[in-house]
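Right, one structure below, let's go through it.
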Amino acid sequence: MAGVLSAAAAPGAEMPMEVVEVTAQRRAEPVQRVPMSISALGARELERGGINGTVELDQQVPGLQVSVSNGVQMVFSLRGVSMSDFNSTEASPIGVYLDETYMGAITTHGLGFFDLERVEVLKGPQGTLYGKNTTGGAINVLSRSAAVDAPASGEARLGVGDYGARRVFLAGETALLPGTLAIRAALDHERDDGYIKNRIGPTMAQTDRLAMRVSLTARLGDKLDALFKFTHSHSAPLTNPPRMEGIHAIPGAGKLNLAGYTRPPGMGYLETEANHVGKALVDLDMASARFKYAAGAFNVIALSSWYDTRYRLEADGDGSPQSLIEPDWGFDGRAVSQDLRMESNWGGPFSLIAGVYYGRERKAMANTYRFFDTPLPLVQALDPALAALLNRYGVVSHSMNKGEESRAAYAQGRYQLTDKLAADLGLRYTVDNNHLDYINVSQRTAAGVPVGSWVPGNTTGIEAAFLPPGMGGRYLVGPYTTASGPLRAEREHNWSGKLGMDYQLNDNAMLYAHASNGFRSGTFNPGLFYSPDTVVSKGYTKPETIRGLEVGFKSEWLQRKLRLNAAAYAYRYRNQQFINVVGASTMLLNAGAARIHGLETELTWRPSDAWRFAAGLNLMDTEYTELELGADRLSGNELISAPKAKFNAAIDYRTRTRSGGLVELSLAGSAQGRQWYSAYNDRPGYERIRQAGYGLLNARAAVSDSSGRYTVTANVSNLLDRHYDVYALSLAGFGFDYFMQGAPRRISLNLKALY
């Protein structure tokens with residue numbers, strides 16, 4: 001590469017930055033003209049930053065945190081608004097949309113990026129146009145579509161990398177009926193052998209994904225256009241095992257879990273001894289149809305969508321060669337939705353978007369947990385009767401079926417008061433119907449012999465899985481049955497919206513301010529529990545709400561070569577939904593109240609056609625103002641997944657060689673401060689449930705021929721090979737803390753051909 005650069009010609013002529021169009025407000029408009037905080041990454045920015053999926057998106061989006069609870073499910077936090085729940089039936093407070101379709105099942109959020117046009121991250125409450133469970137913001141993933149009047153074209157990519165990585169990407173489009181009907185198809189297959197060595201089994205932390213998408217673009221008349229998209233994705237890797245770190249210090253033996261296990265001396269950070277190894281199966285089938293009718297003074301858009309997803313994971317919950325806790329997760333989800341809206345196109349000072357929305361989801365969870373199927377020397381030494389009781393725990397089956405139905409009407413109007421001053425007003429009225437269709441928590445022996453049921457059947461009203469020997473020393477179970485416990489239905493009504501104003505200082509600078517609020521629907525507790533009373537009196541978690549205020553500016557300078565945007569925000573967060581783990585029980589609770597104050601800025605500078613610099617900074621101060629968990633008062637603690645500071649930056653350089661080829665060099669990285677993964681923060685027993693501050697750096701080098709048809713690219717992610725955790729959980733009831741490692745340094749080489 002040094003030789004190529006030494007032979008390079010002078011950089012090209014200076015050019016202003018490209019105009020980025022987004023559809024954050026349901027109509028195409030330049031991002032610098034939208035009076036709200038948006039991070040928009042086009043296909044080139046995603047490629048230059050080494051962002052191949054949602055798991056890496058936070059590296060270039062200020063204020064966004066992405067955690068991975070079990071190697072599969074994403075947990076998003078945006079400006080401190082987050083969820084800690086690892087159960088598959090819950091909805092994220094950060095709405096995820098694929099081609100405008102709301103993806104309510106969090107098992108679908110680990111999207112691998114392929115054939116994309118752009119990704120938009122909308123920050124803050126989205127209570128009008130994106131009203132479904134978006135208290136923190138929205139992530140819009142938009143794939144490429146065929147153009148009815150474009151010539152036939154295609155793209156092929158072949159990639160190899162360390163850990164046995166290989167990737168094939170193929171895409172192409174052509175007009176079936178020129179000017180009337182066009183088709184685009186893409187296929188992406190990615191696989192590797194995994195980077196976590198298992199001393200007693202197969203290598204883990206693999207990638208094994210196949211995804212396909214077909215889109216049809218049709219011009220059905222002078223006024224009517226249609227877009228159809230069909231997506232299929234299948235993933236089945238051996239996923240990441242947790243890193244177990246014992247909490248019971250034994251002189252001469254280190255820190256052990258209840259089974260007396262500790263990681264052997266000399267075991268590497270990317271090594272494990274996992275005995276319960278299974279593939280993480282995630283299937284997604286999705287279809288959508290979008291019709292647009294241009295009636296002159298207004299446009300009518302109708303979007304119909306459907307998806308079906310399936311999730312199975314055999315997990316080693318203790319990251320050890322013993323069977324202390326081995327959960328097998330199962331989830332099936334299905335959803336349909338319909339959005340019908342009108343967009344004004346009549347000119348004049350007033351514009352309007354108004355519509356109605358209907359969505360229905362069905363979620364079925366079937367989990368099993370094998371507990372304490374191993375000797376417990378630490379418990380045996382202190383209380384043999386309790387050790388015997390735990391060893392008889394066996395297998396718990398936990399099943400839940402629920403349905404969610406949402407109806408909404410919304411409108412957002414904009415009035416141009418003067419040639420520079422404008423006001424926005426948006427309202428959304430939502431009615432959510434949630435119903436619990438089936439609930440059962442039952443116990444079998446380790447050999448599979450039915451023992452009894454907690455739900456239904458446990459009439460004691462006690463929520464413990466067992467009593468200590470002095471209180472009877474027995475399981476609290478009723479007769480074994482697969483019948484459902486008490487069923488329940490809840491109905492909720494909510495008004496949300498936005499009020500804002502913006503002032504155009506000149507053609508290149510705008511000031512704005514807006515107040516907004518968001519709503520995340522209540523839900524039935526998906527965690528493991530042991531009493532029908534939990535279902536009846538504590539089984540439904542109240543909706544969480546947020547009120548936000550944002551003041552910011554957007555500007556371009558130096559003949560539009562420098563772009564600088566900044567925003568200050570303040571949120572009042574009520575009834576945040578999050579999981580609290582106590583022993584073997586998990587309860588979905590409301591956190592009372594919290595406040596979030598922050599400052600965010602993004603800068604992009606393109607001094608010449610050769611150089612491009614980008615940077616982002618988010619500073620936050622967060623606090624639970626009302627939070628009680630049992631006898632613990634946690635007011636004053638920081639919110640989970642909310643580092644006080646996070647910085648990202650990217651530098652790109654490109655130049656032409658004397659032969660006419662193009663050389664591109666890129667560095668992209670991020671750095672963040674400490675973050676907590678538990679609301680207990682540094683309380684005794686939870687002080688390790690955190691991630692200290694760290695930074696990541698990615699590098700890219702690409703060489704293209706003079707025609708631009710062929711490109712060879714070398715990528716290195718996590719260039720400095722930093723060790724860091726993306727999720728943590730206290731499992732004190734089993735004697736250990738649970739950590740999920742981030743990916744190590746990865747190297748890949750890719751060949752791209754355009755045709």
Side-chain angles (χ1 to χ4, degrees), residues 1-5 41-61 66 68 110-116 118-119 155-171 186-195 205-209 211 237 270 611-614 648-655 657 661-671 694-705 708-724 726 741-754:
M1 185 62 68
V4 172
L5 287 176
L41 300 174
R44 283 187 57 82
E45 285 74 25
L46 294 170
E47 183 178 354
R48 286 186 299 212
I51 301 172
N52 296 313
T54 52
V55 69
E56 298 145 337
L57 193 57
D58 61 346
Q59 295 181 25
Q60 291 299 311
V61 177
V66 182
V68 188
L111 296 169
F113 289 166
F114 75 102
D115 204 37
L116 295 188
R118 67 184 180 278
V119 176
E155 178 181 344
R157 300 190 189 194
L158 299 176
V160 295
D162 52 1
Y163 302 103
R166 53 270 195 202
R167 185 173 186 177
V168 177
F169 170 76
L170 300 171
L187 179 147
D188 191 40
H189 179 53
E190 186 177 10
R191 188 171 185 177
D192 61 48
D193 299 331
Y195 55 78
Q206 300 174 343
T207 302
D208 187 356
R209 178 177 61 87
L270 296 177
W611 290 96
R612 178 183 177 273
F613 303 89
N648 64 270
I651 303 175
D652 303 313
Y653 174 77
R654 66 178 185 174
T655 187
T657 65
L662 181 66
V663 176
E664 297 178 286
L665 302 175
S666 301
L667 279 176
S670 63
Y694 69 97
L696 297 175
L697 185 64
N698 301 327
R700 175 180 178 269
V703 179
S704 303
D705 72 329
R709 291 184 58 193
Y710 301 101
T711 303
V712 177
T713 305
N715 290 286
V716 184
S717 60
N718 192 0
L719 178 66
L720 305 178
D721 203 21
R722 297 298 192 196
H723 292 174
Y724 63 101
V726 295
Q741 298 101 312
R745 177 168 52 225
R746 302 294 304 269
I747 302 172
S748 64
L749 185 67
N750 299 274
L751 170 64
K752 179 174 71 172
L754 304 178

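Computed from a predicted structure; not experimentally measured.
- Taking a cutoff of 4.0 Å between a charged side-chain nitrogen and a carboxylate oxygen, R700 and E47 qualify as a salt bridge.
- Put simply, the side chain of V726 does not reach to within 4.5 Å of the side chain of V66, judged on heavy atoms.
- The shortest distance between side-chain heavy atoms of F113 and T54 falls below 4.5 Å.
- In terms of heavy-atom proximity, L720 sits nearest to R745 at C-NH1, 4.2 Å.
- Of the charged side-chain nitrogens involved, at least one lies within less than 4.0 Å of a carboxylate oxygen, so that R44 and E664 count as a salt-bridged pair.
- For R166, the salt bridge (charged side-chain N to carboxylate O under 4.0 Å, His left out) test picks out D193, with sequence neighbours left out.
- Heavy-atom minimum distance, A649 versus Q60: O-NE2, 3.6 Å.
- A 4.5 Å side-chain heavy-atom check between V68 and V55 finds at least one atom pair inside the cut-off.
- A donor-acceptor pair under 3.5 Å links the side-chain atoms of T657 to the main chain of G661, judged by distance alone.
- What you find for G159 and N750 is that their closest heavy atoms are CA-OD1, 3.3 Å.
- When the shell of 6.0 Å around CZ of R157 is examined, it contains more than 12 heavy atoms from other residues, nucleotides or ligands.
- Note that the OH atom of Y653 and the CG atom of L665 stand 8.0 Å from one another [nearest 0.5 Å].
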Legend entry - Test side chain to side chain contact (heavy atoms under 4.5 Å, CB included) applied to D58 and V61, step by step: CA-CA 5 Å; D58 61 346; V61 177; 5.8 Å; no
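- Between D188 and R167, at least one side-chain nitrogen of the basic residue sits less than 4.0 Å from a carboxylate oxygen of the acidic one, meeting the salt-bridge criterion.
- With R709 contributing its side chain and L754 its backbone, the two residues share a donor-acceptor pair below 3.5 Å.
- Of all the heavy atoms in N718 and A743, the pair that sits closest is ND2-O, 3.0 Å.
- Between Y724 and Y694, the ring-plane angle classifies as parallel under the 30° and 60° cut-offs.
- Between N698 and G49 the shortest heavy-atom distance is ND2-O, 3.4 Å.
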Legend entry - Derivation of the side chain to side chain contact (heavy atoms under 4.5 Å, CB included) call for T713 and K752: CA-CA 8 Å; T713 305; K752 179 174 71 172; over 6 Å; no
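- Using a 3.5 Å distance cut-off with no hydrogens or angles, the side chains of T207 and D192 do pair a donor with an acceptor.
- A156 and L170 make their closest contact through CB-CD2, 3.6 Å (heavy atoms, listed as atom of the first residue, atom of the second, distance).
- Summarising the geometry, atom OG belonging to S717 is positioned 7.0 Å from atom CD belonging to E56; distances are rounded to the nearest 0.5 Å.
- Side-chain contact between I51 and L41: present, with at least one pair of heavy atoms (C-beta onward) separated by less than 4.5 Å.
- Here the side chain of D162 pairs no donor or acceptor atom with the backbone of R746 at under 3.5 angstrom.
- Looking at residues two or more places apart in sequence or on another chain, you find no ring pair (Phe, Tyr, Trp, His ring centres under 6.0 Å) involving H189.
- For N648 and Q59, the side-chain atoms include no donor-acceptor pair closer than 3.5 Å.
- F169 contributes atom CZ, which lies 11.5 Å from atom CG of L158 (distance to the nearest 0.5 angstrom).
- Taking CD from E45 and CG from D652, the interatomic distance works out to 8.5 Å, rounded to the nearest 0.5 Å.
- Between the CG atom of L751 and the OG1 atom of T711 there is a distance of 8.0 Å, given to the nearest 0.5 Å.
- To the nearest 0.5 Å, the span separating OG1 on T655 from CG on L662 amounts to 8.0 Å.
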